[in-house]
Amino acid sequence: MNLSGRLNVTMHGPVGAPPIVFVHGFGCGQVMWRHVAPAFADDHRVVLLDLPGSGDSDLSLYRAERYTSLEAYRDDLVELLDELDLTDVVFVGHSVSAMIGVLVANAAPQRVGRLVLVAPSARYLDDDGYVGGFSERDIDELLGLMERNHLGWQDPLASLVAGAAPADVKRELEDSFCRTRPDIAAQFAAVTFRGDNRADLADVGVPTLVLQSRNDSVAPMAAGAFIRDHTEGSRMTVIDTYGHCPHLSAPAQTISAIQEFLEEH
Amino acid sequence: MDLDHGADDLFEHAPCGYVVTDRDGVIVQANAEFLRMVGREADEVIAVRMLSSLLTVAGRIFVETHLFPMLEHSRVVREIDLDLVAADERRVPALLNASLVSPETGRAVLAVFIEARDRHRYEDDLRLATRSAELAREQAASLAETLQKTLIPPAPPHIPHLDIAAAYRPAGTGREVGGDFYDVFQVSPTAWIVVLGDVSGKGVPAALVTSLVRYTVRSFAIEHPDPAELLGQVDAVLTANETRHYCTLVVARLDRHDGEWELALSLAGHPPALLRGPGGEVTELGLFGTPIGLVDVPGFVTVRHRLQGGSSVILYTDGVTEGRGPNGMYGEKRLHELIHGLPDDVHAITDGIARAALDFQNGDASDDIAIVTFAPHR
């Protein structure tokens with residue numbers, strides 16, 4: 001299967017229109033964009049995908065030894081843009097995928113034309129004067145918390161061992177888009193929250209929009225401001241909402257902020 | 001407490017912690033049990049604190065990255081295992097159910113917390129047990145791999161005037177010791193034994209039998225130059241061993257006489273060896289014998305053949321022919337045709353068979369595959 005198939009790529013909008021690629025962050029899959037992406041499908045080729053290991057991507061291709069850093073995700077996305085042969089892409093990345101977007105734009109400037117960083121943070125851990133908001137202990141606790149919450153994930157092997165699963169175990173949870181194989185979720189969390197991409201910001205050479213949620217406990221205002229201040233040609237728009245997912249909590253404002261940016265650049 | 005209480009009383013005195021937040025996450029209502037769990041007075045919490053401020057930092061990340069997206073999608077989350085943080089910084093393990101108050105009020109939620117200390121201890125024990133079980137399984141797998149390596153020589157020895165190649169492919173993931181093995185060793189200055197076999201079953205018990213068979217063959221081979229006799233001895237040993245495993249074997253003895261190789265070969269419940277002639281034609285070599293350690297009256301026959309220049313002999317286990325693919329079983333016919341078309345080289349023949357058998361099963365062998373090919377030196 002090609003990479004588009006493995007990453008569960010879905011495309012909407014007119015073929016040949018300017019491409020806009022939406023990439024979800026740590027947590028859930030492409031369904032996260034359902035309130036925002038359709039607004040761009042009139043005049044853009046809208047591309048949605050599930051990152052390796054997330055959503056409905058092909059899990060048999062997830063190898064723990066490969067996805068030990070964001071560079072592996074970057075390489076996959078560059079390969080995907082090559083496969084789809086997209087150029088002058090508007091790359092919209094949420095959370096950790098904002099930083100993956102920075103890496104993709106730096107590695108494949110011929111592919112990426114503009115960056116939209118939704119609730120980004122270049123470094124989650126506090127570090128020698130830099131305030132990311134989190135300590136190593138917080139991240140260890142997060143991994144523990146995720147080990148305790150599988151959100152309905154059931155190990156297919158465990159159910160095989162137990163024999164035929166009763167009907168209530170087999171019930172499909174509606175929120176499968178947030179259900180990730182536990183070992184993959186833990187590794188993705190570790191890669192996300194222990195990463196440090198501050199140095200990559202200086203290499204960004206495309207117009208960049210930082211979309212900052214006013215009250216975000218995961219990527220606080222200071223994290224967005226740091227990225228704006230260290231990324232040449234960037235600007236920051238603050239969305240008046242709570243939480244880390246403005247594309248869910250304030251989709252209309254998120255859409256208009258992106259549209260405004262695209263009109264000006 | 002009056003049993004005829006109203007909804008407010010039910011909320012206030014419920015035996016679980018109730019919390020309601022507004023759209024900004026600020027707590028607007030909390031009942032007695034919730035306040036007890038977090039060890040705070042009502043005026044320290046209501047209209048003052050955000051619910052997320054009573055969670056751990058990790059809990060906040062989890063709420064933002066998982067729970068709110070799920071709430072937004074389905075309006076409800078259930079059975080979430082989270083710690084509350086009490087006034088004295090104590091962690092209070094709890095189970096959370098939450099739902100959105102209404103579609104119009106955004107992130108306003110109704111949340112129910114149930115303290116879950118006992119459950120946590122129990123789950124911690126389970127997790128520890130799971131981890132040690134995983135560790136034990138990994139150690140067993142690594143032991144099995146090590147054991148396997150001792151049973152399969154990395155490469156056959158160099159034998160003057162003879163070309164020899166061997167291949168071994170474990171079934172499935174290769175984490176379990178299989179029953180296939182082969183061995184090549186010298187029994188006199190001019191004679192060699194090539195043995196290939198398949199012990200029934202898998203795992204460490206089968207590997208112990210493999211080891212027993214392999215060393216029994218070695219120890220009787222010098223004393224019993226006739227392969228059928230040798231098989232009789234091995235059968236007696238395995239029968240006496242009272243193992244429930246049996247095995248199939250092919251033993252080939254190669255004697256160098258007057259610049260030519262004389263082959264003596266005997267089968268024990270094993271597929272015949274294949275002789276590939278100088279023109280590529282394939283014929284079977286060997287007469288049926290009983291499997292080792294299976295029947296009360298064993299019987300083995302030795303056949304002899306002088307190896308001509310340009311011919312090769314192939315020994316293989318049934319993992320080759322009984323491999324199943326989308327087109328049924330691989331089978332002898334396909335194998336004969338394959339060997340006929342392969343280049344006249346022991347390595348090309350061996351690797352070609354192994355690859356074809358694997359490809360036929362889409363790379364996922366259902367049984368071990370072992371192949372040894374030898375031929376007079378080209």
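Just so it is clear: chains get the letters A, B, ... in the order the sequence lines come, proteins before strands, and each one is counted from 1. Fair warning: this is a prediction, and the values are worked out from it, not measured in the lab.
- Counting all heavy atoms, side chain and backbone alike, B:E64 lies closest to A:G243 at OE1-CA, 3.3 Å.
- Side-chain contact between B:F62 and A:R148 is absent, with no heavy-atom pair separated by less than 4.5 Å.
- No more than 12 heavy atoms of other residues, nucleotides or ligands lie within 6.0 Å of CZ in A:R137, so this atom counts as exposed by the packing criterion.
- Side-chain contact check for A:F134 versus B:I61: some heavy-atom pair is nearer than 4.5 Å.
- Atom OH of B:Y18 sits in a sparse spot, with 12 or fewer heavy atoms from other residues, nucleotides or ligands closer than 6.0 Å.
- Contact of the B:L82 side chain with the A:L145 side chain is registered, since non-hydrogen atoms from C-beta on lie closer than 4.5 Å.
- Contact count versus chain A (heavy atoms, under 4.5 Å) is highest, among B:H120, B:E123, B:R23, for B:H120.
- Here A:C28 contributes atom SG and B:M70 contributes atom CE; the two are 7.5 Å apart, rounded to the nearest 0.5 Å.
- Applying the 6.0 Å contact sphere to CZ of B:R119 captures no more than 12 heavy atoms from other residues, nucleotides or ligands.
- Ranked by non-hydrogen atom pairs under 4.5 Å with chain B, the options A:L142, A:N149, A:V218 are led by A:N149.
- For chain A, the nearby parts of B:D83 are the backbone and the side chain; heavy atoms of each come within less than 4.5 Å.
- There is no contact between B:R78 and chain A, counting heavy-atom distances below 4.5 Å.
- Residues of residues 244-255 of chain A having a heavy atom under 4.5 Å from any heavy atom of chain B, listed by number: A:H244, A:C245, A:L248, A:S249.
- A:E141 places none of its side-chain heavy atoms less than 4.5 Å from the side chain of B:V57.
- Of residues 57-66 of chain A, no residue lies under 4.5 Å from chain B by any heavy-atom pair.
- For the atom pair B:T21 OG1 and A:Y242 OH, the distance stands at 10.5 Å (nearest 0.5 Å).
- Between the CZ atom of A:F193 and the OG1 atom of B:T65 there is a distance of 6.0 Å, given to the nearest 0.5 Å.
- Between A:R34 and B:E72 there is a salt bridge, with a side-chain nitrogen of the basic residue lying less than 4.0 Å from a carboxylate oxygen of the acidic one.
- In the displayed structure, A:Y130 atom OH is contacted under 6.0 Å by more than 12 heavy atoms of other residues, nucleotides or ligands.
- The nearest pair of heavy atoms linking A:S217 to B:R60 is OG-CB, 4.3 Å.
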Please walk me through it: do B:V77 and A:L151 pass side chain to side chain contact (heavy atoms under 4.5 Å, CB included)?
CA-CA 9 Å; B:V77 294; A:L151 304 178; over 6 Å; no
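- With a threshold of 4.5 angstrom between heavy atoms, A:H94 does not approach chain B through any atom at all.
- Note that the CD atom of A:E147 and the CG atom of B:D81 stand 11.0 Å from one another [nearest 0.5 Å].
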